[in-house]
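Everything numeric in this text was worked out from a predicted model, so none of it was measured. Position 1 is the first residue of the sequence, and the numbers go up from there.
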Amino acid sequence: MRHADGLRALRVLLLVAVPHSLVQYTDNYLAFDLYPPGEFGGLEVTRESVRIGWLVFTAGGLLGYWLYVRGQVVAACAALSFYSISGLISIGHYAEPGMSELAWWRHVAIWIDITLGAAILLFAFWAALSVRRAAGVAGR
């Protein structure tokens, strides 16, 4: 797959993931008290950390896109891998008891978030391997 094809795929992923994460994180922020209390990496998750987390992760995703457009694929892959945590971290919801009490649609949104995070991480791996393969072919 060429860089242009990868760029189209990345656009689609981000055009779905960023708005979905905005909805997901906004729900987490506004309905914070409905979710069981939790920790991440030994730090307590707070309402404010949800807001800040979305901003930081999304900045990483946008940086990854910007770098990819400019052909800096390896750096883009690092930034996109960081951004993928935004979705993958949602699995942490299930580390705390009481999650089964949430509305069904919140579970669907959580799993969409996780799936998008995994898709972005897989894209980053694919793009990094493509660069490595292209370098190997060019070196022959």
Novice: Minimum heavy-atom separation for L30 to R47, with atom names?
Specialist: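 Shortest heavy-atom contact: O-NH1, 3.7 Å.
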
Novice: Are L14 and V69 joined in one hydrophobic group, where the rule is that I, L, V, M, F, W and Y side chains link up if heavy atoms are under 4.5 Å apart?
Specialist: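 Yes, because L14 and V69 connect within a single hydrophobic cluster, where side-chain heavy atoms sit under 4.5 Å apart.
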
Novice: Let me confirm one number: the CG-CG distance from D27 to L34, rounded to the nearest 0.5 Å.
Specialist: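 One finds 8.0 Å between CG of D27 and CG of L34.
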
Novice: For residues F32 and M99: do they belong to one hydrophobic cluster (side chain heavy atoms under 4.5 Å, members Ile, Leu, Val, Met, Phe, Trp, Tyr)?
Specialist: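 Unlinked, F32 and M99 end up in two clusters.
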
Novice: Find out if a path of hydrophobic residues (ILVMFWY) with successive side-chain heavy-atom gaps under 4.5 Å connects I91 to Y35.
Specialist: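 I91 clusters together with Y35.
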
Novice: So, taking the atom named CG in L88 and the one named CG in L116, what distance separates them when rounded to the nearest 0.5 Å?
Specialist: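 Reported to 0.5 Å precision, the distance equals 10.0 Å.
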
Novice: Can you name the nearest heavy-atom pair linking D113 to S86, along with the distance?
Specialist: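 The pair with the smallest heavy-atom distance is OD2-O, 3.6 Å.
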
Novice: Within a radius of less than 6.0 Å around OH of Y94, do more than 12 heavy atoms belonging to other residues, nucleotides or ligands occur?
Specialist: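 Above 12, so yes.
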
Novice: Distance under 6.0 Å and angle within 45° of the ring axis: does R51 meet both against Y29?
Specialist: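 No; the conditions do not both hold, so R51 does not lie above the ring face of Y29.
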
Novice: Answer yes if L80 and L55 sit in the same cluster of Ile, Leu, Val, Met, Phe, Trp and Tyr residues linked by side chain heavy atoms under 4.5 Å apart, and no otherwise.
Specialist: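 Yes, L80 connects to L55 through the hydrophobic network.
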
Novice: Would you please test R8 and V12 for side-chain contact (heavy atoms from CB on, under 4.5 Å) and show each step?
Specialist: CA-CA 6 Å; R8 277 192 287 281; V12 169; 5.8 Å; no

Novice: Taking only residues two or more places apart in sequence or in another chain, which ones pass side chain to side chain donor-acceptor pair (under 3.5 Å) with T26?
Specialist: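 None.
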
Novice: Identify, with sequence neighbours excluded, every residue that meets side chain to side chain donor-acceptor pair (under 3.5 Å) alongside S21.
Specialist: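 Here the qualifying residues are W54.
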
Novice: How close do A127 and Y68 get, heavy atom to heavy atom, and via which atoms?
Specialist: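 Scanning both residues completely, I find the closest heavy atoms to be CB-CE1, 4.0 Å.
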
Novice: Not counting sequence neighbours, which residues clear side chain to side chain contact (heavy atoms under 4.5 Å, CB included) with L63? List them please.
Specialist: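 Side chain to side chain contact (heavy atoms under 4.5 Å, CB included) list for L63, sorted by chain: W66, L67, A79.
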
Novice: Looking only at non-hydrogen atoms, find the nearest pair between S81 and A124 and report the distance.
Specialist: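 So the two residues come closest at OG-CB, 3.5 Å.
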
Novice: Measure the spacing between CH2 of W105 and NE2 of H107 and express it to the nearest 0.5 Å.
Specialist: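 Reported value, rounded in 0.5 Å steps: 10.5 Å.
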
Novice: When the ring centroid of F123 is compared with that of Y83, is the distance short of 6.0 Å?
Specialist: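 They do not qualify: ring centres at least 6.0 Å apart.
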
Novice: Would a single hydrophobic cluster contain both L121 and L13, if residues Ile, Leu, Val, Met, Phe, Trp and Tyr are joined by side-chain heavy-atom contacts under 4.5 Å?
Specialist: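 They do not share one cluster, since no chain of ILVMFWY contacts under 4.5 Å joins L13 to L121.
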
Novice: Look up atom CG in N28 and atom CD1 in I110, then write down how far apart they are to the nearest 0.5 Å.
Specialist: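 If we round to the nearest 0.5 Å, N28:CG and I110:CD1 are 7.0 Å apart.
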
Novice: Atom CG of L22 and atom OG1 of T58: how far apart are they, to the nearest 0.5 Å?
Specialist: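 It comes to 7.5 Å.
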
Novice: Side chains of Y25 and H20: is there a donor and an acceptor less than 3.5 Å apart?
Specialist: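 No, H20 and Y25 have no side-chain donor paired with an acceptor closer than 3.5 Å.
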
Novice: Output the distance between atom CD (Q24) and atom CD1 (I112), rounded to the nearest 0.5 Å.
Specialist: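 Those atoms lie 9.0 Å apart.
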
